[in-house]
Chemist: 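Here's a structure for you.
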Amino acid sequence: GTSTLCALPYSPVPSSAGGANIAFVEGMMTPTRRPRPFARLARCCRQFALAALVSTFGLLALPAAAQQTTPATIDAVEFYHATLDHYFVTADPTEIGLLDDGTKIQGWKRTGNSFKVWPATPTVPGAAPVCRFYGNPARGLDSHFYSASTVECDEVKAKFPDEWLLEADIVFQVTPVSLPDGTCPAGTKAVQRTLNTPRSDVNHRYTTDPVVQSSMVQKGYTEEGYGKPPVVMCSPEPVTATPVCSVSASSINPVAATPVT
């Protein structure tokens with residue numbers, strides 16, 4: 001009889017001795033070899049066991065060196081140019097160094113604000129690439145524009161090819177904002193964007209600080225993004241809870257002019 005244990009598709013091929021050789025599909029065995037029963041059974045069962053592992057666990061475990069790890073976050077640092085009244089943010093260490101040095105590129109000072117991003121490489125699963133454009137000075141611009149929306153990046157390329165010059169399709173990575181409500185997932189901070197309307201020297205400011213955002217709106221800047229309040233991207237940085245402080249008397253008989261402890 002024929003055993004069904006570890007049965008694999010095959011087709012019998014006549015041999016010169018009048019018997020049948022076994023031709024396994026997928027090129028696992030040539031039609032000219034006649035395997036011994038036990039050798040064939042062992043090979044067959046190894047294939048069966050491998051298929052069972054893949055079916056059960058989806059993928060075989062990769063060696064530790066081959067497993068992808070998420071890179072550490074870095075700071076996107078904000079600078080301000082008082083003469084231009086422009087803001088600029090960058091996560092590039094070389095640009096940060098040049099602006100801090102102030103020799104070749106003068107007038108830029110840190111505001112003390114920053115937000116977390118992932119570097120441009122390696123690719124972070126589920127992250128959104130952030131493109132960057134530079135406003136062409138020949139068109140009356142001298143500023144940078146960032147977007148975590150591939151749709152918005154493509155629209156800027158198509159609508160303003162001479163005004164906004166693409167510097168890079170990805171300068172850093174962030175957590176994508178949920179559309180259309182403009183919310184950020186837990187463990188991230190909302191990044192908001194404002195535009196200095198109605199000034200002709202276009203400049204955007206990016207911040208995760210609601211107080212900063214509110215101050216820019218009060219200055220006349222226009223909020224841009226998705227949802228209410230508008231959000232353009234999410235920083236992979238947990239929101240720090242505000243500490244709750246309480247004051248209690250250190251003595252039941254306080255003396256005037258003594259320090260509070």
Chemist: State, to 0.1 Å, how close V191 and Y206 come at their nearest heavy-atom pair, and which atoms those are.
Modeler: CG1-CB, 4.3 Å
Chemist: Look at atom CZ of F160 and say whether more than 12 heavy atoms of other residues, nucleotides or ligands are closer to it than 6.0 Å.
Modeler: no
Chemist: List the atom of I170, the atom of P129, and the distance in Å for their closest heavy-atom pair.
Modeler: CD1-CB, 3.7 Å
Chemist: Is there a side-chain contact (heavy atoms from CB on, under 4.5 Å) between W118 and V174? Walk through the geometry before answering.
Modeler: CA-CA 6 Å; W118 287 297; V174 295; 5.6 Å; no
Chemist: Please tell me whether V124 and V117 are part of a single hydrophobic cluster in this structure, the criterion being side-chain heavy atoms less than 4.5 Å apart.
Modeler: no
Chemist: Once you round to the nearest 0.5 Å, how far does CD1 of I96 lie from CZ of R110?
Modeler: 6.0 Å
Chemist: Could you tell me whether the side chain of S235 and the main chain of T188 form a donor-acceptor pair under 3.5 Å?
Modeler: no
Chemist: Tell me whether F145 is reachable from V177 by hopping between hydrophobic residues (I, L, V, M, F, W, Y) whose side-chain heavy atoms are closer than 4.5 Å.
Modeler: no
Chemist: Decide yes or no on side-chain contact (heavy atoms from CB on, under 4.5 Å) for Q173 and T123, but give the supporting numbers first.
Modeler: CA-CA 8 Å; Q173 302 173 84; T123 300; 4.1 Å; yes
Chemist: Would you say the side-chain atoms of T222 and T197 include a donor-acceptor pair closer than 3.5 Å?
Modeler: yes
Chemist: Do you know which two heavy atoms are closest between V212 and S215, and how far apart they sit?
Modeler: O-OG, 2.6 Å
Chemist: In Å, rounded to the nearest 0.5 Å, how long is the span from CG of L165 to NZ of K157?
Modeler: 13.0 Å
Chemist: Within the 4.5 Å heavy-atom criterion, are N203 and H86 side-chain neighbours or not?
Modeler: yes
Chemist: Just wondering, do C131 and V171 contact through their side chains at under 4.5 Å, heavy atoms?
Modeler: no
Chemist: Indicate yes or no: at least one non-hydrogen side-chain atom of V231 is less than 4.5 angstrom from one of C184.
Modeler: yes
Chemist: Taking atom CG of D75 and atom OG1 of T90, what is their separation to the nearest 0.5 Å?
Modeler: 11.5 Å
Chemist: According to a 4.5 Å side-chain heavy-atom criterion applied to Ile, Leu, Val, Met, Phe, Trp and Tyr, with indirect links allowed, do Y87 and F79 form part of one hydrophobic cluster?
Modeler: no
Chemist: Shortest non-hydrogen contact from R139 to E163?
Modeler: CG-CA, 4.0 Å
Chemist: Do P230 and E223 come within less than 4.5 Å of each other through their side chains, counting heavy atoms only?
Modeler: yes
Chemist: Ignoring hydrogens, what is the shortest heavy-atom contact between T183 and C234? Give both atom names and the distance.
Modeler: O-SG, 4.2 Å
Chemist: Go through it in stages, so that I can follow the logic: the residues are F133 and S147, the test is side-chain contact (heavy atoms from CB on, under 4.5 Å), and I'd like the CA-CA distance, side-chain angles, deciding distance and then a yes or no.
Modeler: CA-CA 9 Å; F133 293 86; S147 178; 5.9 Å; no
Chemist: I need the D162 CG to N136 CG distance, nearest 0.5 Å.
Modeler: 7.5 Å
Chemist: Y146 versus V89: any side-chain heavy-atom pair under 4.5 Å?
Modeler: yes
Chemist: State whether a side-chain donor-acceptor pair under 3.5 Å links D101 with T103.
Modeler: yes
Chemist: Please list all pairs meeting salt bridge (Lys or Arg N to Asp or Glu O under 4.0 Å) that have one or both residues in residues 119-136, counting only residues at least two apart or in different chains.
Modeler: E95-R132, R132-E167
Chemist: Could you check S143 against L141 for side-chain contact (heavy atoms from CB on, under 4.5 Å), going step by step and ending with a plain yes or no?
Modeler: CA-CA 6 Å; S143 184; L141 303 170; 5.9 Å; no
Chemist: Does one hydrophobic cluster hold both Y134 and L166, with members joined at side-chain heavy-atom distances below 4.5 Å?
Modeler: no
Chemist: In terms of side-chain geometry, is the basic nitrogen of D154 or K159 positioned less than 4.0 Å from the acidic oxygen of its partner?
Modeler: no
Chemist: Return the CG to OG1 distance between N113 and T208, rounded to the nearest 0.5 Å.
Modeler: 7.5 Å
Chemist: Can you find a side-chain donor-acceptor pair between T207 and Q213 that sits under 3.5 Å?
Modeler: no
Chemist: Is the shortest heavy-atom distance from the side chain of E78 to the side chain of R205 under 4.5 Å?
Modeler: yes
Chemist: Please say yes or no: joined through hydrophobic side-chain contacts below 4.5 Å, possibly via intermediate residues, are V77 and L84 part of one cluster?
Modeler: yes
Chemist: I want to check something: taking the side chain as every heavy atom from C-beta on, are V130 and M233 in contact at a cut-off of under 4.5 Å?
Modeler: yes
Chemist: Could you check whether the rings of F172 and F115 sit parallel, tilted or perpendicular, using 30° and 60° as the cut-offs?
Modeler: perpendicular
Chemist: Name the orientation class of the two ring planes belonging to H144 and F88 (parallel below 30°, tilted from 30 to 60°, perpendicular beyond 60°).
Modeler: tilted
Chemist: Apply the side-chain contact (heavy atoms from CB on, under 4.5 Å) test between H204 and each candidate in T194, L195, V232; give the one that qualifies.
Modeler: L195
